[in-house]
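Beneath this line is the structure, given in structure tokens, with notes to follow.
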Amino acid sequence: MSSNIKVKRICQHCSKEFTARTTVTKYCSDKCSKAAYKARKRAEKVKQSNAETTRIKNQPIEQLKAKEFLSINEVCQLVGISRRTVYRLIEQGDLKKIKVGSRTLIKRSALNRLLNNKETGKPEIPEQQINDLNEWKQAGAFDIKDCYTLTEVQNKYKVSESTVQQLIKRNSIPKIKKGWYAYVPKQIIDELLT
């Protein structure tokens with residue numbers, strides 16, 4: 001049974017206009033159909049080859065991700081930074097190192113913590129500040145509005161910065177850094193300086 005349908009279509013391979021006898025015909029001829037099939041198969045092979053190449057290239061990175069301790073070179077390769085940058089991060093205290101003989105190793109968890117903090121923009125709170133915060137809470141100063149900055153103490157009581165620092169150290173006054181400022185509880189400072 002032949003079809004009386006005549007539909008104007010554009011060949012998906014050669015882009016020429018042709019008259020199709022069905023509504024689903026995509027190609028103008030058997031030659032274009034076979035050429036399109038070969039092009040599809042070629043593209044699949046290229047895609048598969050590229051995926052295999054990517055997998056082989058990423059294999060060392062995946063192995064590094066699985067290691068618990070990394071050398072300086074491995075950190076450079078994993079993160080994509082220079083050796084000098086890694087050493088600078090260690091010197092600044094942003095990245096903790098472990099010395100094993102003459103080798104310097106970086107714990108994977110420390111690297112992850114650094115990268116997560118850089119990504120979120122939240123700096124890691126040093127352990128000393130956490131201890132200071134606990135002391136600060138024990139002193140009863142829970143809110144910033146109940147505290148002075150060190151500059152406010154100097155201005156209010158007309159004392160030098162070194163005097164304020166000595167007073168804090170001598171009397172073990174809890175001090176917490178928040179941003180650029182260090183805060184001390186008003187109640188304790190007022191009792192000592194009035």
When you compare the side chain of [Y] with that of [X], does any pair of heavy atoms fall below 4.5 Å?
| X | Y | value |
| --- | --- | --- |
| Y157 | T163 | no |
| Q166 | V159 | no |
| L150 | I168 | yes |
| I188 | N171 | no |
| V184 | V164 | no |

With a 4.0 Å cut-off on N to O distance, would you call R84 and E91 a salt bridge?
yes
Under-4.0 Å salt bridge between E44 and K41:
yes
Donor-acceptor contact present, side-chain T53 to main-chain S49, <3.5 Å
yes
Is a side-chain N or O of K96 found less than 3.5 angstrom from the main chain of G93, in a donor-acceptor match?
no
Just jot down the side-chain hydrogen bond (donor to acceptor under 3.5 Å, both in side chains) partners of E52, sequence neighbours excluded, or say none.
R55
Would you compute the distance between atom [atom1] of [X] and atom [atom2] of [Y] and round it to the nearest 0.5 angstrom?
| X | Y | atom1 | atom2 | answer |
| --- | --- | --- | --- | --- |
| C147 | K175 | SG | NZ | 13.0 Å |
| S33 | Y27 | OG | OH | 6.0 Å |
| K6 | R21 | NZ | CZ | 7.0 Å |
| H13 | K26 | NE2 | NZ | 14.0 Å |
| Y148 | Q187 | OH | CD | 11.0 Å |
| C11 | K31 | SG | NZ | 11.0 Å |

Could you report the tightest heavy-atom contact between I90 and K97, atom names first, then the distance?
CG2-CD, 3.6 Å
side-chain contact (heavy atoms from CB on, under 4.5 Å) with S109: which residues, sequence neighbours excluded?
K107
Quick check on the hydrophobic clustering: are [X] and [Y] connected, directly or via other members, by side-chain heavy-atom contacts under 4.5 Å?
| X | Y | value |
| --- | --- | --- |
| I98 | I106 | no |
| L114 | L105 | no |
| Y87 | L89 | yes |
| F18 | I5 | no |
| I72 | F69 | no |

Is it the case that more than 12 heavy atoms not belonging to [X] sit under 6.0 Å from its [atom1] atom?
| X | atom1 | answer |
| --- | --- | --- |
| Q165 | CD | yes |
| Q48 | CD | no |
| K169 | NZ | no |

Tell me which one of L95, T104, N73 satisfies side chain to side chain contact (heavy atoms under 4.5 Å, CB included) with V86.
L95
Could you go step by step and tell me if T19 and K8 meet the side chain to side chain contact (heavy atoms under 4.5 Å, CB included) rule?
CA-CA 5 Å; T19 304; K8 291 285 184 184; 3.5 Å; yes
Audit row: L78, L111, side chain to side chain contact (heavy atoms under 4.5 Å, CB included) steps and yes/no:
CA-CA 10 Å; L78 185 62; L111 182 62; 4.0 Å; yes
Between K186 and E152, is a side chain to side chain contact (heavy atoms under 4.5 Å, CB included) present by the stated rule, with each step listed?
CA-CA 10 Å; K186 287 182 180 180; E152 289 174 335; 5.6 Å; no
Partner of E74 by salt bridge (Lys or Arg N to Asp or Glu O under 4.0 Å), out of R103, R108, R83, K67:
K67
As a quick check of understanding, evaluate side chain to side chain donor-acceptor pair (under 3.5 Å) for T149 and T151, giving each step before the final call.
CA-CA 5 Å; T149 64; T151 309; 4.6 Å; no
